[in-house]
Amino acid sequence: MASKNLRRRLHHGDVDGKRHEHFETSGLDGLNEPLLGNYEYDDKHPEEHALWDDERKKEDQHWTLLFSRLIAEWAQWLANVVIGSGTLLKRVLPFDSATPTGQSKKILPPSLSPLQEERLRNMQQRMEVPFDSTRVEHQDALRQLWSLAYPDRELPALKSELWKEMGWQGTDPSTDFRGGGFISLENLIFFAKKYPAFCKGDSFHRLLHKLDGNRADWEYPFAVAGINISFMLIQMLDLQSGKPTSQAAVRFLQLLGEDEMAFDNLFCVAFQLMDAQWLAKRASYMDFNDVLKSTRTQLERELELEDVYSVRDLPVYNMLKR
């Protein structure tokens, strides 16, 4: 066999009514002869073989010409259909907006209503505010978050080991905001108010205390995860530039026209989805970035759905517990 670099061929001949068999071996891998039969010419009548060859050549030429014409006609028909319809391939094949380099084409910015423009400006102003531990209103907001998270406990000092229980990485929460800004703290407060911690069945309480599923030995820190989710959403929705480069970003601007708090509501959805992804992947602390990427991908897919007119219309919204 070819796999053994050896070919064995069985030849059959009928000589004088007796059947003879012999084996032939060859070191060649290729096959230059038919697999069945042992074809031998009769050299006694060379003129008959020449006539046969001429007839066979004529037949081959006839069939070649016929198939050539058939292929040419079929190709012309297909070209007429494609050119004539202009959109045939788009109807049949799911083309996307990718360029030949594999990158998605830029989405043209939609024309915004005065209300959308106003709300987008307000969003951008919120994003420009960094967390400042010296500002009294920022200190009060941090204390408010603690009171919402732990309504039955005393307020700790602004620098205390107790902040680690909420998922801050150090004793001073102000060092964890970095690029998240004050808006990320506002998002956490909004989440705690709408899905309150004092209601043990609500999402904020269950996520804060990691009550759902089989948890990892090294869990993600709750508060810092919230800051990262805020930052992820800002990038995903192109809010800093205000010029959407994806269908999801365009859709969000439409949602913002219907709901001034669309970003905060989307933050709640994203946090709940992130935790679900975390459990599904059986993730641990070092997997957080991968989980956040999966969360972003899922949100983008849902925002691109045709029948989404508010955050409540997102399929993942049903995961929130209230």
Side-chain angles (χ1 to χ4, degrees), residues 131 142 145-146 148-150 153 156 159-192 194-237 246 248 263-303 311 314-322:
F131 181 85
L142 200 56
L145 178 62
W146 177 274
L148 290 168
Y150 307 106
R153 298 176 62 178
K159 293 182 181 181
S160 170
E161 289 287 336
L162 294 177
W163 289 105
K164 293 181 180 179
E165 296 182 22
M166 191 188 289
W168 303 98
Q169 295 184 103
T171 59
D172 184 2
S174 65
T175 61
D176 285 330
F177 283 96
R178 297 171 187 153
F182 185 65
I183 191 174
S184 58
L185 180 55
E186 291 179 319
N187 293 152
L188 285 168
I189 292 173
F190 178 89
F191 194 12
K194 191 162 186 178
Y195 303 91
F198 59 80
C199 296
K200 294 184 179 180
D202 285 9
S203 285
F204 184 89
H205 175 84
R206 302 191 69 82
L207 293 175
L208 173 64
H209 297 285
K210 309 288 175 44
L211 297 181
D212 294 329
N214 296 320
R215 314 304 305 199
D217 294 332
W218 196 6
E219 277 287 320
Y220 64 83
F222 175 82
V224 174
I227 294 175
N228 279 271
I229 290 171
S230 296
F231 186 68
M232 178 270 290
L233 291 175
I234 291 172
Q235 289 185 314
M236 181 185 82
L237 301 174
S246 68
F263 185 82
D264 301 81
N265 281 309
L266 189 61
F267 171 86
C268 301
V269 170
F271 211 136
Q272 183 70 66
L273 176 59
M274 185 279 295
D275 189 73
Q277 295 271 2
W278 178 274
L279 293 174
K281 294 177 179 291
R282 298 180 179 179
S284 186
Y285 183 85
M286 300 303 293
D287 303 315
F288 182 79
N289 286 338
D290 289 335
V291 173
L292 200 60
K293 290 178 182 177
S294 299
T295 302
R296 172 173 175 164
T297 299
Q298 182 63 27
L299 280 177
E300 288 175 325
R301 289 173 179 169
E302 296 200 8
L303 283 169
V311 174
L314 296 172
V316 71
Y317 179 83
N318 296 320
M319 297 175 63
L320 284 170
K321 301 176 178 65
R322 189 178 182 184

(message) Keeping E219 on the side-chain end and A216 on the backbone end, is there a donor-acceptor pair under 3.5 Å?
(response) yes
(message) Quick check: closest heavy atoms across L237 and A248, and the distance to 0.1 Å?
(response) CD2-O, 4.1 Å
(message) With heavy-atom distances below 4.5 Å as the criterion, would you say the side chains of W163 and W146 are in contact?
(response) yes
(message) To the closest 0.5 Å, what do you measure between CZ (F267) and CG (L233)?
(response) 8.0 Å
(message) Is there a side-chain contact between V316 and Q272 in this structure, where contact means two heavy atoms from C-beta onward sitting under 4.5 Å apart?
(response) no
(request) Could you tell me whether a side-chain N or O of D202 sits under 3.5 Å from a main-chain N or O of F204, the two making a donor and an acceptor? (result) no
(request) Could you tell me which residues satisfy salt bridge (charged side-chain N to carboxylate O under 4.0 Å, His left out) with R153, sequence neighbours excluded, listed by chain and number? (result) E165
(message) Let me confirm one number: the NZ-CG distance from K159 to D172, rounded to the nearest 0.5 Å.
(response) 5.0 Å
(request) Work out which heavy atom in A283 is nearest to a heavy atom in V291; give both atom names and the distance. (result) CB-CG2, 3.7 Å
(request) State the CG-SG distance between L273 and C268, to the nearest 0.5 angstrom. (result) 13.0 Å
(request) Taking the six-membered ring for Trp and the full ring for Phe, Tyr or His, determine whether the centres of F271 and F222 are under 6.0 Å apart. (result) yes
(message) Measuring only between side-chain heavy atoms, which start at C-beta, is L148 closer than 4.5 Å to L188?
(response) no
(request) Verify, without hydrogens or angle tests, whether R282 (side chain) and L279 (backbone) share a donor-acceptor contact under 3.5 angstrom. (result) no
(request) With rounding to the nearest 0.5 Å, note down the distance linking CE in M236 to OG1 in T297. (result) 10.0 Å
(request) May I ask you to check whether F191 and Y195 place their ring centers less than 6.0 Å from one another? (result) yes
(request) Work out which heavy atom in V269 is nearest to a heavy atom in V311; give both atom names and the distance. (result) CG2-CG1, 3.7 Å
(message) I need the D212 CG to S203 OG distance, nearest 0.5 Å.
(response) 8.0 Å
(message) Is it the case that the side chain of D287 and the backbone of S284 share a donor-acceptor pair, with hydrogens and angles ignored and the cut-off at 3.5 Å?
(response) yes
(message) A side-chain contact here means heavy atoms from C-beta on lying under 4.5 Å apart; do I229 and M274 qualify?
(response) yes
(message) So Y317 and N265, do their side chains get closer than 4.5 Å, heavy atoms only?
(response) no
(request) Could you tell me which non-hydrogen atom of L299 sits nearest to which non-hydrogen atom of M232, and how far apart they are? (result) CD1-CE, 4.3 Å
(request) Report the residues that fulfil salt bridge (charged side-chain N to carboxylate O under 4.0 Å, His left out) with K164, sequence neighbours left out, ordered by chain and then residue number. (result) E161
(request) Kindly give the heavy-atom pair with the smallest separation between G180 and I183, and that separation in Å. (result) O-CG2, 3.5 Å
(message) Quick check for you: to the nearest 0.5 Å, what is the distance between F131 atom CZ and E186 atom CD?
(response) 11.0 Å
(message) Looking only at the aromatic ring of each residue, does the gap between the centers of W278 and Y285 stay below 6.0 angstrom?
(response) no
(message) Looking at every non-hydrogen atom in both residues, tell me the closest pair between F288 and N228 and how far apart they are.
(response) CE2-CB, 3.9 Å
(request) Please tell me if the side chains of F231 and R178 come closer than 4.5 Å, counting only heavy atoms from C-beta onward. (result) no
(request) For D176 and W168, indicate whether the former's side chain and the latter's backbone hold a donor-acceptor pair under 3.5 Å. (result) no
